[in-house]
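Below is one structure, written out as structure tokens, with a few remarks after it.
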Amino acid sequence: MSGGAEAEFRGRVHTAVLAWYAVAGRDLPWRHPDCSPWGVYVSEIMAQQTPIARILAPWQSWMGRWPTPADLAAASRGDVLRAWGRLGYPRRAVNLHAAAKAMVEHHAGQVPEDPAALRALPGVGDYTVAAVASFAFGNPLPVLDTNVRRVLARIAIGEAQAAPTPTRGERDLAAAWLPDDCADANRWNVASMELGALVCTARTPQCATCPVRDLCRWRTAGHPAYAGVRKRPQGYAGTDREVRGRILALVRDDDAPHPRADFDPCADQARVDKLLIALIADGLLEHSRDGYHLPR
DNA sequence: CATACGTGGCG
DNA sequence: TCGCCAAGTAT
């Protein structure tokens, strides 16, 4: 009863966004009806913290080389890391490899459909569970990525952006905003993400062409500036992350073991020593008598 | 709960 | 130039 008006509002937004997506949604390969759950899974791991444009080519070659979990499971970690290339956060590649092995070992070589089984795979958090469940299996769990969080913050709450990290309130909101119809709910998941990626963007939102420009509470409130806590910028220059990246770039370039001296230009000696140890512990590097190299 | 974790592009 | 941002996860 009290939610009647709100349900009406949601319905109008759903209708507009779903219609927009039908004509404006991108033709991404993992959205094709014949794409396997494994293809969806790989796309979701690659897309974590990474612009979609950057993963298109790597996804294609990855799926050509390792079309099933068993194919990837049979590869060496070094080959997997080399194929990951410069996508960033290479532990995602290590986790993807380990997840493929787990699928072979425990799930008959398939991407598991059960959300709890998905969540148990390395590198799979709340977002990826919902994304794979919804996009690969048609099980409409509420997908709450950075796009949906921003879209809901603006349209439903009237704020310019979401909190630094997902809150309980946002999870409840996302669940409440899922359409009742199963097929619509799955479409809403991808369509609201797409709206955030193409129109309701963080930097310069395209409100003039937005399908819900007359409904959005942020816009109708006059685009008020964000008043909440901002997330601290990450920084990169001079961090361990940068030095790790330089070290990995060296060992990724060729198969030959690298003597310790090769890493001298990366940072001061103590720091390089510390990071080499950390990289080995992370499974991203190996050390043999001949030198340092990607895991074999 | 705050922080570490790669990389590149855009305003 | 440089800060911000990009389909997050693990600790």
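To find a chain, count down the sequence lines: A is the first, B the second, and so on, and within it residues start at 1.
Summary of the strand contacts: Arg203(A) and Asp282(A) both lie near DNA chain B, and taking for each the nucleotide with the nearest heavy atom, the more 5' one is attributed to Asp282(A). Residue-to-nucleotide proximity on DNA chain C shows that, of Ala47(A) and Asn95(A), the 5′-proximal contact is made by Ala47(A). Place Leu279(A) and Thr204(A) on DNA chain B by their nearest nucleotides, and Leu279(A) ends up nearer the 5' end.
For dT9(C), neither phosphate oxygen OP1 nor OP2 lies less than 4.0 angstrom from any side-chain nitrogen or oxygen of Tyr89(A). Contact check, Arg86(A) against dG8(B): a side-chain N or O comes under 4.0 Å of OP1 or OP2.
The side chain of Trp30(A) has dA7(C) as its nearest neighbour among dG8(B), dA7(C), dC5(B). The listed nucleotides are dC10(B), dC5(B), dT7(B); the one nearest the side chain of Asp240(A) is dC5(B). For Pro90(A), whose side chain is taken as the heavy atoms from C-beta onward, the closest listed nucleotide among dG6(B), dG8(C), dG9(B) is dG6(B). Side-chain proximity of Pro51(A) to the nucleotides dG8(C), dG6(B), dA6(C) is greatest for dA6(C). Between dG8(B), dA7(C), dC5(B), one nucleotide has an atom nearer to the side chain of Asn147(A) than all others, and that is dA7(C).
Across all strands, Ser43(A) comes closer than 4.0 Å to no nucleic acid atom at all (heavy-atom distances). When heavy atoms are screened at a 4.0 angstrom cut-off, Ala202(A) is found touching the sugar-phosphate backbone but no base atom. In this structure, Val143(A) reaches neither bases nor backbone, as no heavy-atom distance under 4.0 Å exists between it and the strands shown. Counting non-hydrogen atoms under 4.0 angstrom, Gly88(A) reaches a base of the nucleic acid.
Residues from residues 157-170 of chain A lying near DNA chain B, meaning a heavy-atom separation below 4.0 Å, are absent.
Using a cut-off of 4.0 Å between Lys/Arg side-chain N and Asp/Glu carboxylate O, Arg154(A) and Glu159(A) are scored as not salt-bridged. Using a cut-off of 4.0 Å between Lys/Arg side-chain N and Asp/Glu carboxylate O, Glu170(A) and Arg149(A) are scored as salt-bridged. Ion pairing between a basic and an acidic side chain is recognised when a charged N comes within 4.0 Å of a carboxylate O; Arg168(A) and Asp172(A) show such pairing. Salt-bridge formation is detected for the pair Arg187(A)/Asp184(A): a Lys NZ or Arg NE/NH1/NH2 atom is positioned less than 4.0 Å from an Asp or Glu carboxylate oxygen. A salt bridge links Arg260(A) with Asp273(A); the closest basic N to acidic carboxylate O contact falls under 4.0 Å.
Rounded to an integer number of Å, the gap from CD of Glu194(A) to C1' of dA7(C) is 10 Å. The CD-C1' distance, from Gln234(A) to dA4(B), rounds to 8 Å in whole Å. A straight line from CZ of Arg91(A) to C1' of dG8(C) spans 9 Å, rounded to a whole angstrom. One atom, CZ of Arg232(A), and another, C1' of dG3(C), lie 13 Å apart when rounded to the nearest Å. Rounded to whole Å, the distance from CD1 on Ile52(A) to P on dC5(C) is 18 Å. Note: CZ (Arg26(A)) to C1' (dA7(C)) measures 9 Å, nearest angstrom. Rounded to an integer number of Å, the gap from Gln206(A) CD to dG11(B) P is 10 Å. Rounded to a whole Å, the CG atom of Leu248(A) is 18 Å from the P atom of dA4(B).
Scanning atom types as modelled, one donor and one acceptor separated by under 3.5 angstrom connect the side chain of Gln49(A) and the base of dG8(C). In the interface, the side chain of Arg54(A) is paired with the base of dT7(B) through a donor and an acceptor atom under 3.5 Å apart.
Judged by a 6.0 Å distance limit and a 45° cone about the ring axis, Arg217(A) is positioned over the six-membered ring of Phe9(A).
The closest donor-acceptor contact from the side chain of Arg119(A) to the backbone of Asp114(A) lies at 3.5 Å or more, if one exists at all.
Below 30°, between 30° and 60°, or above 60°: for Trp66(A) and Trp62(A) the angle between ring planes is above 60°, a perpendicular geometry.
When the P atom is compared between dA7(C) and dA4(B), the two are found 23 Å apart, to the nearest whole Å. dG9(B) and dT9(C) have their P atoms separated by 24 Å, given to the nearest Å.
Residue pairs meeting the ring-ring contact (aromatic ring centres under 6.0 Å, His included) criterion with at least one member in residues 102-135 of chain A: none, sequence neighbours excluded.
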